[in-house]
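Chain naming here is simple, since letters A, B, ... match the order of the sequence lines and numbering starts at 1 in each. If you're wondering where the values come from, they're calculated on a predicted model, not measured in any experiment.
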Amino acid sequence: MRTTGLASDEIIALVDCNNFYVSCERVFNPKLDKIPVAVLSNNDGCMVSRSAEIKALGIPMGAPGFKWEAVVKKHGGVLLSSNYALYGDMSARVMEVLSMFSPELEIYSIDEAFLNLGGFRIRNLDQYAEKIRKTVKKWTGIPVSVGISKTKTLAKIANHFAKKVPAFHGSLNLLDDTRIEEALKRTPVGEIWGIGRQYDKFLQQHGIKTALELRDADEKFIDHYMTSVGHKTVLELKGYSCIGMDEAPAAKKGIVVSKSFSKQVTEKAELAEAVSTYITRAAEKLRSQKTVAGHLTVFLNTNRFKEGPQYNNSACTTLVPHTAYTPELIKTALELLEEVWLPGFEYKKAGVMFADIIAEDDVPLNYLETNYLDDKRKDLMGTVDHINRRLGRDTLFYASSGLKKEWEMRRAKLSPYYTTRWNDLPRVK
DNA sequence: TCTGGGGTCCTAGGACCC
DNA sequence: TCTGGGGTCCTAGGACCC
């Protein structure tokens, strides 16, 4: 990441999709408009995206679906299972539209992007922000908010007000010093990007309650009690850009695939199916960024919300040489499972993690004879990945992953795969 | 019945080397 | 008798993000 400490003439826009997952569902199902809608996490667990109507009912982020289902129904609303294939596809469309508005675009998450608007002349920033909003809405159906300021941290704050204050109609330009001060005064310190629960509590105790108070706090105090990250946050609030634009996302340094089961699992055979399935998914990610892993961890958890004996354990091993060859990874993972598994426990979650991830090309030469890149194995993986991409996930799969998958997560309220399956294309009447 | 799943970066402390 | 201290690498754990 590029880091500068100079007072900047940068102009940074943060574009953030409103209630992204809910908005994706609404694009394809207009009946969901104007009623309370929430999208649930894996296993239909917690609410991870809430419509304005859900928020108005006083239902907080992360609320367990089953606790609020009755309330939502009473108000004519619905809860939906998450459909990440759909959201990923919609995200790509939104980002493609955004890339037309700046030569420098950083995709920050599935529903957010930073645009550098500083490098070229824009006659009227407010109109430009409006144009971004309207174009994304028209071409993808997704409503977005636009916040503009001198640094990423300030752009986040601008975006927050753009969303929250109806008078701004979804965009706010926060470049003027007086307006910045006004906004910081109204921003609780815990809402700043980079200030989490721990820092929030600590700062409150020391009488720093707003973003303005943090910006103007004693520098010695900040340096003493906060890390370099906190220091950068304060500089960013002052208008010095410290968090540069990061255009090409770096290859992931760790890959985790872990999911809760739909039921308690006690049989080792079922855990082995889950572990095989997760390894398959994780290895696909590994190969898609042209990397190999040198470290593998397998872990098991019992249900922490349930009374009874708890057991959480993990086992790991190095992979010599680094690899991304699924059959071999499954074999190693199943050996690790033997180490972690204990009979007599009801397991609720399993996961696999790859670490020490390096580029395919960086595998030490002396391993070439045994490297998966060396022989037909890489071609085989390439073919499997290609077929699964074209014909759908798990068209080709590994026998160890099982067929019945009774443990697989629950998605009872799933909407159709509108964008990724022919059979689910919406019909025009 | 039902309580998410990914990630990043930073720091402290131990191991090891000279 | 003498067991310093600096550098580097690794790991675990904390804090944060969406």
Side-chain angles (χ1 to χ4, degrees), chain A residues 1 3 14 16-21 38-50 59-70 72 79-84 87-88 91 106-114 152-153 156 159-160 189-203 224-233 242-244 246 249-264 274 278 281-282 285 289 294-295 297 299 301-307 314 316 318 346 348-357 406 409-413:
Chain A
M1 191 191 312
T3 299
L14 172 65
D16 190 325
C17 301
N18 302 343
N19 326 321
F20 183 55
Y21 300 165
V39 172
L40 302 169
S41 63
N42 287 334
N43 263 316
D44 296 345
C46 305
M47 296 188 198
V48 290
S49 180
R50 299 163 300 149
I59 303 176
M61 185 65 173
F66 73 93
K67 278 193 182 169
W68 292 90
E69 193 155 21
V72 173
L79 301 179
L80 297 168
S81 300
S82 44
N83 183 345
Y84 287 100
Y87 312 148
S91 173
E106 177 188 345
I107 298 172
Y108 180 69
S109 74
I110 195 167
D111 69 340
E112 278 175 76
F114 290 104
K152 284 185 171 178
T153 306
K156 275 267 186 185
N159 190 286
H160 179 79
V189 74
E191 273 176 27
I192 302 167
W193 188 47
I195 304 294
R197 275 223 307 280
Q198 302 300 320
Y199 275 138
D200 183 24
K201 198 172 142 198
F202 173 80
L203 292 168
H224 190 255
Y225 288 107
M226 299 179 80
T227 65
S228 56
V229 179
H231 187 85
K232 276 188 191 173
T233 299
C242 298
I243 307 172
D246 218 355
K252 303 237 179 295
K253 293 172 182 167
I255 290 175
V256 181
V257 175
S258 94
K259 285 175 187 63
S260 300
F261 305 131
S262 55
K263 56 165 195 162
Q264 312 287 336
Y278 300 165
R281 207 63 72 228
K285 287 192 202 176
Q289 55 179 23
H295 195 263
T297 306
F299 64 88
N301 296 156
T302 48
N303 190 346
R304 68 198 152 103
F305 293 102
K306 218 177 148 187
E307 295 277 329
S314 67
C316 60
T318 51
E346 299 192 318
K348 183 60 180 170
K349 181 177 181 179
V352 302
M353 285 190 277
F354 288 138
D356 185 15
I357 293 172
E406 284 173 3
M409 67 179 178
R410 183 181 306 117
R411 290 204 289 175
K413 309 155 191 287

Most 5' of A:V229 and A:P64 on DNA chain B, judged by nearest nucleotide: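 Closest to the 5' end, via its nearest nucleotide, is A:P64.
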
Along DNA chain B (nearest heavy atom to each residue), the more 5'-positioned of A:K67 and A:G254: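 Counting from the 5' end, the first nearest nucleotide belongs to A:K67.
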
Atom pair NE2/CE of A:H231 and A:M226 - distance to nearest 0.5 Å: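 Answer for the NE2-CE pair, A:H231 versus A:M226, is 10.5 Å.
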
State whether the side chain of [X] and the backbone N or O of [Y] hold a donor-acceptor pair below 3.5 Å, judged by distance alone.
X	Y	value
A:K348	A:F261	yes
A:S49	A:A38	no
A:T153	A:T233	no

Assign [X] to base, sugar-phosphate, or nothing according to its heavy-atom contacts below 4.0 angstrom with the strands shown.
X	result
A:N42	sugar-phosphate
A:K259	sugar-phosphate
A:I255	sugar-phosphate
A:K252	sugar-phosphate
A:K413	nothing
A:E69	nothing
A:I195	sugar-phosphate
A:I107	nothing
A:S262	nothing
A:K285	sugar-phosphate
A:K348	sugar-phosphate
A:N303	nothing

Dot-bracket summary - DNA chain B, pairs being Watson-Crick or G-U whose distances fall under 3.5 Å, with | when paired to another strand: ....||||||||||||||

Start and end of chain A contact along DNA chain C [non-hydrogen atoms, under 4.0 Å]: C:dA15 to C:dC18

Spacing of the C1' atoms in B:dC17 and C:dT3 (rounded, Å):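 Result for the C1' pair: 15 Å, nearest Å.
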
Distance, C1' atom - from B:dC2 to C:dC18, rounded to whole angstrom: 24 Å

A:F202-A:Y199 aromatic ring centre distance below 6.0 Å: no

Test item: A:N42 and A:S260 side chains (from C-beta on) under 4.5 Å apart, heavy atoms: no

Validation row: A:M353, A:F299 side chains within 4.5 angstrom (heavy atoms):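 Side-chain contact under 4.5 Å: yes.
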
Side chain to side chain contact (heavy atoms under 4.5 Å, CB included) involving A:S41 - partner list, sequence neighbours excluded: A:C46, A:V48

Aromatic ring pairing A:W193/A:Y108, orientation class (parallel under 30°, perpendicular over 60°, tilted between): perpendicular

Given A:I107, A:N159, A:D16, the one that forms side chain to side chain contact (heavy atoms under 4.5 Å, CB included) with A:E112: A:D16

